[in-house]
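Letters A, B, ... mirror the listed sequences (proteins, then strands); counts begin at 1.
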There are 2 protein chains.
Amino acid sequence: MFHKGVLEHRSSRVKMVFMVTTTQRTERRADALSKARIVEAAIDILNTDGESGLTFRALSARLATGSGAIYWHVADKTELLAAAADAVIARVMTEAVSGGEPREAVRAIALGLFDAIDDHPWVGAQLSLGPLRSAMLQIFEGVGGRLQALGVPERAQFDAASALVSYILGVAGQNAANARLAREMDRSDRSAFLATIAAQWARLDPTNYPFMRQVAAQFAEHDDREQFLAGIDLILAGIATVR
Amino acid sequence: MFHKGVLEHRSSRVKMVFMVTTTQRTERRADALSKARIVEAAIDILNTDGESGLTFRALSARLATGSGAIYWHVADKTELLAAAADAVIARVMTEAVSGGEPREAVRAIALGLFDAIDDHPWVGAQLSLGPLRSAMLQIFEGVGGRLQALGVPERAQFDAASALVSYILGVAGQNAANARLAREMDRSDRSAFLATIAAQWARLDPTNYPFMRQVAAQFAEHDDREQFLAGIDLILAGIATVR
DNA sequence: ACCTGAACACCGTTCAAGT
DNA sequence: ACCTGAACACCGTTCAAGT
């Protein structure tokens with residue numbers, strides 16, 4: 001039996017391979033290496049040990065292969081990180097597909113992403129790094145579709161969706177950075193930590209930083225998740241302005 | 001002549017040093033090493049060779065010292081990158097202090113940051129990495145102050161400023177990623193590049209990506225800077241909604 | 001105090017060799 | 001086709017030794 005022109009991806013390059021097989025397919029072992037399995041293992045490592053924990057040595061040890069084997073399925077570390085982030089985002093987006101009212105749907109998507117990045121900070125860093133990846137496409141589509149449903153005029157839809165997505169990614173990046181910091185310093189007591197920063201702000205030079213001083217008190221009591229949602233609502237309110 | 005208790009920063013640790021000097025101060029050579037000079041050299045390298053070009057070897061070669069000398073003035077590479085970004089942002093913010101109408105002032109700050117990050121992509125990546133650094137403080141203060149002037153109710157000022165800053169940082173990060181990509185692939189012809197992506201979007205699966213398909217045409221002709229400003233205006237419109 | 005530069009530990013990536 | 005693992009080039013960081 002012949003398989004004529006099989007397209008085989010090896011890294012980013014593409015080459016033609018002519019494969020000849022008997023009718024009796026050779027069974028793959030359950031634990032055979034594949035891009036999917038590699039990405040899954042990478043996600044596990046990223047979640048437990050953070051970005052600095054993901055090395056090709058750690059990865060190949062966990063997969064019980066040589067480091068070179070990984071390069072057969074994946075071009076380089078950049079592609080590996082991007083694929084890992086894509087996988088996580090894809091899951092979030094399929095879970096966040098709520099039918100319902102479009103404004104609520106946008107909030108659900110936004111919150112889903114927020115929570116996912118809170119759990120997996122490395123995704124946040126990754127998101128603000130790669131631009132036109134499939135993860136971004138899904139987010140853009142999810143948000144943009146609801147804006148259509150909301151009745152936003154067509155000419156305004158692109159800018160509006162772009163604003164929402166940029167905002168989401170901005171918060172994602174900051175959140176990821178915060179989470180990384182929280183891991184480094186042992187910041188077990190969040191409210192004590194916020195109070196320390198608020199106190200610093202309150203002590204800033206009054207002529208150069210009047211706003212920060214005023215806002216210090218609110219900062220000590222604010223909730224990141226609520227503030228994130230407040231921003232989404234602010235942007236939605238601005239979008240509702242366009243007629 | 002005595003200098004009693006001089007606080008000397010060495011890396012992040014702080015130690016007390018008692019220094020005795022004669023009235024005749026020993027003149028520093030003009031090219032003596034200092035954190036400021038190191039940061040300046042780092043900025044030069046980052047601008048010309050990008051983030052991957054900044055190594056302690058390259059830096060010490062340019063400064064004609066050993067790599068260890070740099071560690072006397074700077075804790076590690078993270079601190080070095082943060083200090084470099086802070087320096088660039090500080091310049092932008094002092095230039096962007098326009099008096100004028102507050103709404104225009106917010107736009108001026110936003111555009112100043114946008115252009116700076118367009119010139120120095122590495123700053124964008126850095127901004128979404130460190131959270132409560134002095135650069136962020138300045139941006140937050142600049143934006144927040146104008147919101148006060150705009151007459152935004154005090155209880156809404158913190159959330160409003162936070163939304164604007166997050167949006168700015170989000171776009172900054174994406175822009176930085178784009179610029180990095182543009183450098184890797186030789187993307188000299190921007191409009192041709194946009195057209196390629198638009199064509200990809202137009203070919204996406206219609207059931208899963210109706211919005212992206214519709215928006216593809218607009219994407220081919222959009223201007224990043226204008227779209228960024230449109231987002232700022234959208235958020236400002238949302239903020240004006242709060243009474 | 002401040003600088004030098006060799007040494008250390010560790011990394012991503014390649015590649016001849018195996019099956 | 002797919003995997004192995006030693007080898008390569010390069011990195012951030014440390015530190016005994018100099019001035």
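Following rounding to the nearest Å, Tyr71(A) (OH) and dG5(D) (C1') show an atom-to-atom distance of 14 Å. Atom pair Leu33(A):CG and dT19(C):C1' shows a separation of 15 Å (rounding to whole Å applied). One atom, CG of Leu59(A), and another, P of dT13(C), lie 12 Å apart when rounded to the nearest Å. Atoms CD1 (Ile38(A)) and P (dC2(D)) sit 11 Å apart, rounded to a whole Å. Distance Leu80(B) CG to dG12(D) C1': 12 Å, rounded to the nearest Å. Between Lys35(A) atom NZ and dC3(D) atom C1' the separation is 18 Å, expressed in whole Å.
For residues 168-190 of chain A, no residue pair satisfies the ring-ring contact (aromatic ring centres under 6.0 Å, His included) rule, not counting sequence neighbours. Pairs passing the salt bridge (Lys or Arg N to Asp or Glu O under 4.0 Å) check and including a residue from residues 112-126 of chain A, sequence neighbours excluded, read Asp115(A)-Arg225(A). Here ring-ring contact (aromatic ring centres under 6.0 Å, His included) pairs that include residues 36-68 of chain B, with residues two or more places apart or in two chains, are Phe56(B)-Tyr71(B).
OP1 or OP2 of dC3(D) lies within a sub-4.0 Å distance of a side-chain N or O belonging to His73(A). Look at Trp72(B) and you won't find any side-chain N or O under 4.0 angstrom from OP1 or OP2 of dC3(C).
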For DNA chain D, just give me the dot-bracket, please: Watson-Crick or G-U, both distances below 3.5 Å, ( ) intra-strand, [ ] crossing earlier pairs, | paired with another strand, . unpaired. ||.|||||...|||||.||
Tabulate protein N/O versus nucleotide N/O from nucleotides 6-11 of chain C, keeping only pairs under 3.5 Å, one per line.
none

Might you work through the salt bridge (Lys or Arg N to Asp or Glu O under 4.0 Å) test for Arg62(B) and Asp44(B), ending with a clear yes or no? CA-CA 10 Å; Arg62(B) 172 181 283 244; Asp44(B) 281 351; 3.5 Å; yes
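By the salt bridge (charged side-chain N to carboxylate O under 4.0 Å, His left out) test, Asp76(A) is found to be paired with no residue, residues two or more places apart in sequence or in another chain being considered.
With dG12(C), dT13(D), dT4(C) as the candidates, the nucleotide lying closest to the side chain of Thr65(B) is dT4(C).
Donor-acceptor pairing under 3.5 Å is lacking for the side chains of Asn178(A) and Asn175(A).
Taking 4.0 Å as the cut-off between side-chain N and carboxylate O, Asp223(A) and Arg190(A) do not count as a salt-bridged pair. The residues Glu79(B) and Lys35(B) are annotated as salt-bridged, a charged nitrogen and a carboxylate oxygen being separated by less than 4.0 angstrom.
Using cut-offs of 30° and 60° for the angle between ring planes, the His222(B) and Phe158(A) rings count as perpendicular.
Judged by closest nucleotide on DNA chain D, Ile70(A) is the one of Ala69(B) and Ile70(A) placed further toward the 5' end.
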